[in-house]
Structure formats: C-alpha cells, structure tokens
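Written below as structure tokens is the structure these notes are about.
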Amino acid sequence: MRWLSGGREATDYDVEVVGAGPTGLTAAIRLKQLCRAVDTNISVCVLKKGSEVGAHVLSRNVFDPRALDELIPQWRQEDVCLSLL
C-alpha cells in the first residue's frame, strides 16, 4: 500500500476484475484456482459499485447451482468459500 496526495491510499493488484456479478466473481475465483494449481499466488481485486456484493440485484431469481457445482464442487460444505480467499 502507498499513499497518494490528499491522504488517499493506493494498493497495487496483479488483476482487477470489474463487477461482482456472476461473471466477475467466476473469473476471480477461477483465476485463483488456476494459480493455486501451479503453486503461484497473485493478488486479485474485485471492484463493485455497490456497498456490497449483490447490492444492485433487483430480481428474485431462482438460482440454478449447476455452474457453481462445476466451479466449486464442495461449495455446499461449511467454510469452503472462506478457503478460496
């Protein structure tokens, strides 16, 4: 982290993903999985306009978990999402 003029801080990342929708989150997760597979670590930042992930979601969509099952097979188990970070 470094400081910019006016007291603002700046952090450098290897990859910045714009948007925390399904595509952006999938890209960030898959990239970290691929890096882990080759024993490499990179910093990934997901940028979102809203105050939290899902802040701009308006639909009451019924979620089909097939894609998530393929991306993170153990996602239904407790604490799996925390191990991705």
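This one's a predicted model, so the numbers in the text were calculated from it and none came from an experiment.
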- Message: Can you list everything that forms a side chain to side chain contact (heavy atoms under 4.5 Å, CB included) with P22? Sequence neighbours excluded, please.
- Response: none
- Item | Linked, directly or transitively: L25 and V15 (ILVMFWY side chains, under 4.5 Å) | yes
- Distance-minimising heavy-atom pair for K32 and I42: NZ-O, 2.7 Å
- Message: Under a plain distance cut-off of 3.5 Å, with no hydrogens placed, do Q33 and R36 share a side-chain donor-acceptor pair?
- Response: no
- Message: On a heavy-atom basis, which atom in A28 and which in V44 lie closest, and how many Å separate them?
- Response: CB-CG1, 3.9 Å
- Item | Residues that S43 engages under side chain to side chain contact (heavy atoms under 4.5 Å, CB included), provided they are two or more places apart | Y13, D14
- Message: With heavy-atom distances below 4.5 Å as the criterion, would you say the side chains of I72 and I29 are in contact?
- Response: yes
- Identify the heavy atoms of C45 and L47 that sit nearest to each other, and give their distance. SG-CD2, 3.5 Å
- Message: Distance check, rounded to the nearest 0.5 Å: L34 atom CG versus T40 atom OG1?
- Response: 10.5 Å
